[in-house]
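For clarity, every value in this text was computed on a predicted model and none was experimentally measured. Computation of the quantities below employed the complete heavy-atom set of this structure, encompassing side-chain atoms and omitting hydrogens, waters and symmetry-equivalent molecules. By convention here, the first residue in the shown sequence is residue 1. Note that ligands are numbered from 1 as they come in the structure, with each ligand's atoms numbered from 1 the same way.
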Amino acid sequence: MNTPEFYISEIQKLRKEKNAVILAHYYQDEAIQDIADFVGDSLELARKAIETEADIIVFAGVSFMAETAKILNPNKKVVLPDLSAGCSLADNCVAEDFAKFKERYPDHKVVTYINTSAEIKAMSDYVCTSSNAVKVINSIPADQKILFAPDKNLGAYLNKQTGRNMVLWDGSCIVHEAFSLEKLIELHLEYPEAKIVAHPESEDPILRVAHSIGSTSQMMNYIVNSPSDTFIVATEVGILHQLKKKIPNKTLIPAPSHEDNTCACSECAFMKVNTIEKLYLCLRDELPEITIDETLRKKALLPIEKMLALS
Ligand code: 13P
Ligand code: SF4
């Protein structure tokens, strides 16, 4: 094992030699965020993947994100530091089961959260992210029935926001459903001036007490632009890294989860399988590479394009 400095200087050399771009999600390790060309939420990362003129996209995130980049860029090489970087939402919505679920609702349109595999996207009418889901759903005629998958918490939140009664797939994010309302209320009593900011993958009781709800980028914008000085942040702790750089004088407190008695940190174990060493190795070896069958890719592209046209 080499030093972090070694990996950083090698990555700097290789990215130039190979004309590679490094895209990172806010939940990545600090060292990965610091070396990335762009850090963003899932919609912004998809957009960056389209705009880039790089030959290689190194996607520092989870596999559904890298797969989305490949769906949008069939002619570019897309690599991911660790192919095992899954997601509890995507992994628990398996194509075979989803096909049976869809069959039960033949007159419903299918809206899926971007946290799914290419197979599920290919079975969808629309894809959305947490930043544009309301817009996507509102673009569908009010009398059209909808199936929403795979996040039941986000789906329930969207039903409230849009007044729909979408049928929801029974999935959830293991990170966001771990926040404890009881501990959050206790924490807020300690910091009554704090604004509670939550990701919509959180459960309804957490969202009910939140002052602001949005995607990771929307949460960041709210915190940066708010006149308040103290925030309780209900999402993965990786988001605090960019926030601390942008607003070093504000107080940021991670929302407590059921399990935590010490640091109150909620980490996505899937996101954290990527390390700076694996980032270096995947850039050096151009592996592991994301590959998608072309017929599947074309089918999965259609609902993503609809989303991009709307947002
Ligand atoms: P964002 O689109 O808000 O970045 O969400 C991605 C995600 O996986 C949240 O858990
Ligand atoms: Fe998936 Fe949750 Fe991790 Fe986001 S935080 S990648 S939704 S498991």
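- For the pair Cys173 and ligand 1, no heavy-atom separation below 4.0 Å is found.
- Ion pairing between Glu294 and Arg297 holds under the 4.0 Å rule for side-chain N and carboxylate O.
- Within ligand 2, the atoms closer than 4.0 Å to a non-hydrogen atom of Glu201 are 2 (Fe), 7 (S), numbered from 1 in the order shown.
- A 4.5 Å side-chain heavy-atom check between Phe270 and Ile174 finds at least one atom pair inside the cut-off.
- An N or O contact shorter than 3.5 Å links Asn115 to ligand 1 by distance.
- Here the heavy atom of the protein found nearest to atom 1 (Fe) of ligand 2 is Cys87 SG, 2.4 Å.
- When ring centroids are compared, Tyr280 and Phe6 come within the 6.0 Å threshold.
- For atom 8 (S) of ligand 2, the nearest protein heavy atom (residue, atom name, distance) is Ser88 N, 3.5 Å.
- The ligand atoms of ligand 1 that sit less than 4.0 angstrom from a heavy atom of Ser215 are 3 (O).
- Looking at atom 2 (Fe) of ligand 2, its nearest protein heavy atom turns out to be Cys173 SG, 2.3 Å.
- Of all atoms in ligand 1, listed by their number and element, those nearer than 4.0 Å to a heavy atom of His176 are 10 (O).
- Near Leu89, meaning under 4.0 Å from any of its heavy atoms, are these atoms of ligand 2: 7 (S).
- The shortest distance between side-chain heavy atoms of Ile35 and Gln12 falls below 4.5 Å.
- Heavy-atom separations between Tyr26 and ligand 1 are all 4.0 Å or longer.
- Side-chain atoms of Lys70 do not come within 3.5 Å of backbone N or O of Val79 as any donor-acceptor pair.
- Near Asn115, with a cut-off below 4.0 Å to any heavy atom, the atoms of ligand 2 are 7 (S).
- The protein heavy-atom contact nearest to atom 3 (Fe) of ligand 2 is Cys268 SG, 2.4 Å.
- In this structure, Glu236 does not count as a contact residue of ligand 1, since none of its heavy atoms falls inside 4.0 Å of the ligand.
- Contacts between His199 and ligand 1 below 4.0 angstrom, taking non-hydrogen atoms only, involve the side chain exclusively.
- For Arg208, the CZ atom sits in a loose shell: 12 or fewer heavy atoms of surrounding residues, nucleotides or ligands are nearer than 6.0 Å.
- Salt bridge Glu67/Lys121: absent, no basic N to carboxylate O contact under 4.0 Å.
- Within the structure, the closest approach of Met219 to ligand 1 does not fall below 4.0 Å when heavy atoms are considered.
- Looking at atom 4 (Fe) of ligand 2, its nearest protein heavy atom turns out to be Tyr27 CE1, 3.9 Å.
- Just one of Met219, Glu236, Gln218 meets the side-chain contact (heavy atoms from CB on, under 4.5 Å) condition when paired with His199; it is Met219.
- Contact annotation: the side chain of Ser180 never approaches that of Pro256 to less than 4.5 Å [non-hydrogen atoms, C-beta and beyond].
- The hydrophobic cluster containing Val39 also contains Ile223, counting ILVMFWY residues as joined when their side-chain heavy atoms lie under 4.5 angstrom apart, directly or transitively.
- Between Val273 and Lys278 there is a side-chain heavy-atom pair separated by less than 4.5 Å.
- Each of the following atoms of ligand 1 lies closer than 4.0 Å to a heavy atom of Ser42: 1 (P), 2 (O), 4 (O), 5 (O), 6 (C).
- At least one side-chain heavy atom of Val110 sits less than 4.5 Å from a side-chain heavy atom of Phe98.
- Taking atom 9 (C) of ligand 1 as the reference point, the nearest protein heavy-atom neighbour is Glu201 OE2, 3.1 Å.
- Between Thr129 and ligand 1, a contact under 3.5 Å exists for no N or O pair.
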